[in-house]
Amino acid sequence: MIPESFNYHCPATIEEAIALASDHGDEAKYMSGGHSLIPMMKLRFATPAHVIDISRLEGLSYIKEEDGLLKIGGLTTEADLEYSELLAKKYPILIDVAKLIADPSVRNKATLGGNLAHGDSANDQPAVMLALRATIVATGPEGTGQASIDDFFHGFYMTALGPQDILTEIQIPVAGKGTGSAYHKIERKAGDYAASGVAVNLQIDGSGTCKEIGIGLTNVNPVPLRAQRSEDHLKGKKLTGDLILEAAKMAAEDCSPSADLRGSEAYKRSITRELTVRMINKALERAKANL
Amino acid sequence: MKKQITITINGEAFTREVESRLLLVHFIRDELGLTGTHIGCDTSNCGACTILIDGMSVKSCTTFAVQADGCEITTIEGVAQNGQFHALQEGFKEEHGLQCGFCTPGMIMRSIDMLNKNTNPTEEEIRWGISGNLCRCTGYVNIVKAIQYAAKKMAEPQETAEA
Amino acid sequence: MEEKKLKLPYGIPGHNLTEIERVVPADEPPAWPINDKLKVVGKSVRRTDALAKVTGAAKYTADIQLSGMLIGKFLRAPHPNATIRSIDTSAAERHPGVYGVHVITHHKHDGDESGPGEFPEIKYAGQPVAGVAAVDMPTAIEAVKLIKVIYDTKPFVVDLEEAQKPESPLVYDAPVDQQETDGGGGSESGLGLNGNVRGPSRGGGPRGDLEKGFAGADIILENTYRTQVHTHSSLETHGCVVDWKPDNITIYASTQSTKGVRNEFANHFNLNKSQVRVICEFMGGGFGSKHSAGDFGLMAGHLSKKTGRPVKLMLDRQEEHISGGNRPNSIQYYKLGAKKNGELVAMYQRSHGTGGVSLGAGVGHIAEAMYTCPNFTTEQYDVLTHASPGAAWRAPGNVQGAFGLESLIDELAEKLGMDPLKLRDKIDPSEIRKVERKRGAEKFNWARRKKANSDTGTVKKGLGMAQGHWPRIVHIDSTAEVRAYRDGGVEVRSSVQDIGTGTKTIMAQVVAEELGLQAEDITVSIGDTAFPDGPSSGGSIATGSITPAARSAAYQLKLKLFDQVAKNLGADASDLVAENGQIVSKKDAAKKVPFKEALRKMRYEQISASGSRADDYEGFAYGTIAHGELGSVQFAEVSVDTETGFIQVDKIVAAHSCGRPLNPKQIESQINGGVIQGIAYALYEDRIMDKATGQQVNKNLHQYKLPMSFETPEIENIIVEEYPARSNTDAYGIGEPANISTAVAVANAVYNAIGVRIKELPITPAKVLAALNKA
């Protein structure tokens, strides 16, 4: 498996990268960790004439809290997330998800920005970011802009990013008191894409009432899906087992999985329901510990 | 489409003109003749091609050689230092952590990174840590033991030169 | 032939160990005592190849680099059924960097009905059409694309059940026979072909009276079980390097049989075997699929012959899936009659399976052989489909057969309200398995097993067990040579290859034991047909075939050395023994010389002796099948999540025997590997063919799921030491038995957990939920 020939560029600055991308137009493709792009190139499903390696752009790898936001640089690797003490303490969902992406060697290279920019609903981070109500920051020829995660995923491998835009930062509201989050997926074996994955982020008050909740679903919809009806069903209420099950059933109804090697549509709906129950409960447990 | 790159492999710097599309694993095996790094699946699933780039385990079948320009790479051939085998090499030898041996270099390279990040892993952490490295022969039992052997050995106080 | 009598240990230590007298060839070495009285044999000595493998020094076939070597690449047919109208290679031949192109013309292969055209009929998607040899891989890939082939495509069938329908497209339009290779495969010759259905093969033939048997049964069970096709997925793909020189040809091959590759290659090219040398120093797994020279080997041969340069042709992973062999699938129907007390009175088995264009999809003779059942009939059919050929895989036939049979016996136990172990105590005549059941049950704590579907939570535990049967097969054509050098070196040589199981190590152990040395004192030079012919490594044959030969050779060499030493020591050669690195007189311990010192004083620089595998002491059961068997019993503990269908195998206890254990750690490692392949078969692996296109859907390790470290349970082994007193080492292999009963033990445990039996492998979470009516 050998890719078609291409020109390799390794710009040092973001301006240089964008200029290169603008020069080569449709023939250019950004690459960070390369673990989505290179396999496609080896199969010759992707044949960019110009590959612009943005992995060496300075200052785009960080995890920090600032201005009421958790900010993660676009080039932060999944391994950086996995080993972050800040995330382990306050954003366990990001540890949950990082540990489930591919395998440790892949996570050493794969970046959060790449995972999102790829626009693949089989990837795990989109659902997590939907649950966390993230904001995506990108820089392109027209300057820097941002998009709510709800407006980010447009279709199969399509996002709000223009071809010359570089995803520079992910912003997530800082986790306040009573916040809990969790992610899990059913996979055939460790490192597989999800048969279904569910991300939940919620906040409760002292009385146990759900103040905020975000639910994102992995690989059970052509585009990464936010389970909005389920969220609405739970928001402002005390989370009882019955209520949670009702919300989970809604998530299972609202997604549209397709049958594949992982199982039938019915199977995927069934496990989506079960995972939604489990992740809400797990997030709730974490939220209670955080009151 | 050629590009000049300089990569330090096992302490020695190599400067070569390479095609952009040349995969790092082919650079290591075919250009440099270091055939201890194997190719198993070619799709980043089996880990037979695992090497260290700047100390981090990476699957060299899914990396272009040009991406490693200016980096320090360690392959299985560079793991033993000054004639001393690495504790992981010893572990795989002592604990029968291999059969056909085709996965072994990748397993060892991956485990070096794992033990650097976590000096005292649990069995579950070890199994998770090598979850991207396929062994079709051993059932992993003795591979886990080999890594445990190495972790234990690496935790022992080093003998000083004077001793 | 001169003979003598030997008293040998006989039976199972801790159970029924005794001594037996056997008549053996006069040149056989004396009997070894049981393992705990030996110094090197029976000990878990370090692998002799470990250092090469942990340093990256070990050279596999893909690592071979020869001066001027070209890279070979196949052009494969994209269609599952087609006739080639024409092939134009001119553009490929003109392509810069291409040195040679070879088109496969009609060369009669096994099972090929030799059609009228110039080119073989295309019968599966991915069948090789032509090959190129080029300066490097990118050039070879470009050149292959330049070959223009015009195909007339035809309807095809890849599905086992559809292929049996009368209106289905035919794979062969006349009866076919396929010879068994060195590693098995093939099928009984002369069977009829009806559409795509060939057979039946009736195993050893019916016994008793089926109808009468069923008439006397208290209980009759009828069931159908299904198993899938899966691919060997050895980590190193198939491939070879052929270096064709005018007078001799050297082949570096990733093979389980250097000898087999040599023979096949010599036959194909009409060469003498003496002109072909095959070398396999290290190889990255085969599991049964790597016995033959292969289409790639012959292609590399043609290209090397044509170009006058060495040619390397390694398959890539995709090619490995679509043409590297696979375990055929099966649909097995059983009707079983039993008495209330468990006694089996009648069994009828009918199976259909497809190995694609190849035969060999029978489900083995496990149902026929494992249990006492006076009235038995089997009818095993090969169904031909337009899919790539199957290949032997660890206990071919018996792994599929065990899934049917041992599910059935488990159901019988359930129906009778009997403990599955107690039922087997009643119907299984094997003494070895009886001990394995007992020791295994203790280690596993079988007593804690509850009735099916007893757990009330979401995640339910289940315990199950199953048994395996594999014959002890010996290759008589197994010779080793032992050499000793004046500098103290001792070397053992044979063409037998080490496919990773540790053959090198056990050969060193056996020779060392005989010579009173340590395993590390012995250099093992094997995997080269320049050395005396050894066995293939398949069918659990190698250990039982080559270790007695190696011991005989060492023994003969020792006698030669004793003759030389005796005079100097003033001792009688017949009084000398070699132990602890010394040659010493039994009569006078003062008369001794260090072994190495004795070598230094040799008259010649080197002495040498050969030994070949004797017949089993007092003969084989039939052919070269030994008396007794390689029985195995495995226990599985699983947790089933009844809301997600997810199955976690928590623990396997594997109780095995392989005669005299030579190196317990190596045996355990092989058992563990058999277990994980069994779990893979039970829960994960499945080759999916697209019925509409005839292509494999999941031809990579990304979509084709193999369990890895995290899916592997705790595995505990029990090795039951057993002395059949049939050869000078009494040792046998373990590769096959290790793989037979795992999948069905897991399936039986899943039943015990959820109370619903899933009769089709692999047992995926989706199937579990469907069985529970939850999806």
Side-chain angles (χ1 to χ4, degrees), chain B residues 19 21-22 26 29-30 33-48 75-80 85-86 88-105 108 123-124 126-144, chain C residues 44 46-47 49-60 62-65 136-138 232-237 282-287 314 316-318 498-502 652 663 665-666 668-677 679 700-702 706 708-712 714-715 717:
Chain B
E19 269 204 73
R21 64 173 171 172
L22 181 70
H26 291 140
R29 287 175 54 83
D30 303 339
L34 295 171
T35 56
T37 302
H38 298 145
I39 299 173
C41 68
D42 221 3
T43 50
S44 83
N45 298 99
C46 81
T75 69
I76 189 68
E77 290 89 348
V79 168
F85 294 114
H86 190 281
L88 277 158
Q89 291 176 307
E90 268 181 50
F92 276 76
K93 176 165 150 271
E94 295 298 321
E95 296 290 341
H96 287 240
L98 56 88
Q99 278 190 42
C100 84
F102 204 78
C103 74
T104 310
I108 290 177
E123 177 170 343
E124 182 167 326
I126 290 173
R127 287 181 178 274
W128 199 248
I130 56 170
S131 63
N133 290 69
L134 173 66
C135 168
R136 191 64 158 157
C137 298
T138 68
Y140 302 96
V141 176
N142 292 337
I143 291 176
V144 172
Chain C
S44 293
R46 277 184 216 103
R47 298 179 61 105
D49 57 356
L51 216 52
K53 288 175 178 175
V54 300
T55 56
K59 295 277 181 207
Y60 297 81
D63 303 333
I64 302 291
Q65 298 276 13
D136 57 22
M137 184 55 88
H232 299 69
S233 301
S234 308
L235 203 45
E236 182 192 33
T237 58
F282 294 97
M283 67 90 84
F287 312 112
M314 296 300 296
D316 65 25
R317 181 56 55 187
Q318 188 165 322
D498 189 337
I499 61 171
T501 56
I652 298 282
N663 186 320
K665 271 233 173 188
Q666 288 193 162
E668 283 171 21
S669 193
Q670 245 187 300
I671 295 172
N672 296 339
V675 165
I676 186 67
Q677 287 189 0
I679 290 172
N700 54 59
L701 290 184
H702 160 59
L706 292 165
M708 288 158 77
S709 52
F710 207 70
E711 288 75 28
T712 306
E714 178 189 359
I715 306 170
N717 313 111

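Here is the naming used below: chain letters follow the sequence lines, and residue numbers restart at 1 for every chain.
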How about Glu236(C) and His38(B): do any of their side-chain heavy atoms sit closer than 4.5 Å? no
Region of Gln666(C) in contact with chain B, defined by heavy-atom distances below 4.5 Å: both
Test item: Glu94(B) and Arg46(C) side chains (from C-beta on) under 4.5 Å apart, heavy atoms: yes
Hey, are the side chains of Thr138(B) and Asn672(C) touching, using non-hydrogen atoms and a 4.5 Å cut-off? no
Can you say whether Asn663(C) sits under 4.5 Å from chain B via the side chain, the backbone, both, or neither, judging by heavy atoms? side chain
May I ask you to test the Leu235(C)-Cys46(B) pair for a side-chain heavy-atom distance under 4.5 Å? yes
So which of Ile130(B), Ile76(B), Ile39(B), Thr75(B) has the largest heavy-atom pair count under 4.5 angstrom toward chain C? Ile76(B)
Intermediate values then yes/no, side-chain contact (heavy atoms from CB on, under 4.5 Å), Cys137(B) and Phe287(C): CA-CA 9 Å; Cys137(B) 298; Phe287(C) 312 112; 3.9 Å; yes
Taking all non-hydrogen atoms of both residues, which atom of Lys59(C) and which atom of Thr35(B) are closest, and how far apart? NZ-OG1, 2.7 Å
Might you point out which heavy atoms bring Lys93(B) and Leu51(C) nearest each other, and give the distance in Å? CD-CD1, 3.6 Å
Are any of the side-chain heavy atoms of Pro138(C) and Arg21(B) separated by less than 4.5 Å? yes
Region of Glu95(B) that comes under 4.5 Å of a non-hydrogen atom in chain C: both
May I ask you to decide if Phe102(B)'s main-chain N or O and Lys53(C)'s side chain share a donor-acceptor pair within less than 3.5 Å? no
Check for a donor-acceptor pair, side chain of Arg29(B) on one end and backbone N or O of Ala62(C) on the other, with a separation under 3.5 Å. yes
Between Leu706(C) and Arg136(B), what is the shortest heavy-atom contact and its length? CD2-NH1, 3.0 Å
When you compare the side chain of Phe85(B) with that of Thr55(C), does any pair of heavy atoms fall below 4.5 Å? yes
Quick check on Gln65(C) against chain B: is it the side chain, the backbone, both or neither that has a heavy atom closer than 4.5 Å? side chain
Heavy-atom pairs under 4.5 Å with chain B are the metric here; pick the option from Leu701(C), Ile676(C), Asp498(C) that has the most. Leu701(C)
Write down the atom of Ser669(C), the atom of His96(B), and the distance for their closest heavy-atom approach. OG-O, 4.2 Å
Within the distance-only criterion (no hydrogens, no angle test), does the side chain of Arg317(C) pair as donor or acceptor with the backbone N or O of Gly40(B) below 3.5 angstrom? yes
Flag the pair Asp30(B) / Met137(C) as yes when at least one side-chain heavy-atom distance between them is below 4.5 Å, and no otherwise. no
Is the closest side-chain heavy-atom distance between Glu124(B) and Phe710(C) below 4.5 Å? yes
For chain B, find which of Gln318(C), Met708(C), Gln670(C) contributes the most heavy-atom pairs closer than 4.5 angstrom. Met708(C)
Of the listed residues (Ala80(B), Ala48(B), Gly101(B), Gly36(B)), which shares the most heavy-atom pairs with chain C below a 4.5 Å separation? Gly101(B)
Shortest non-hydrogen contact from Phe92(B) to Val54(C)? CB-CG1, 3.7 Å
Which one of Leu88(B), Ile126(B), Asn142(B), Leu98(B) has the most heavy-atom pairs closer than 4.5 Å to chain C? Leu98(B)
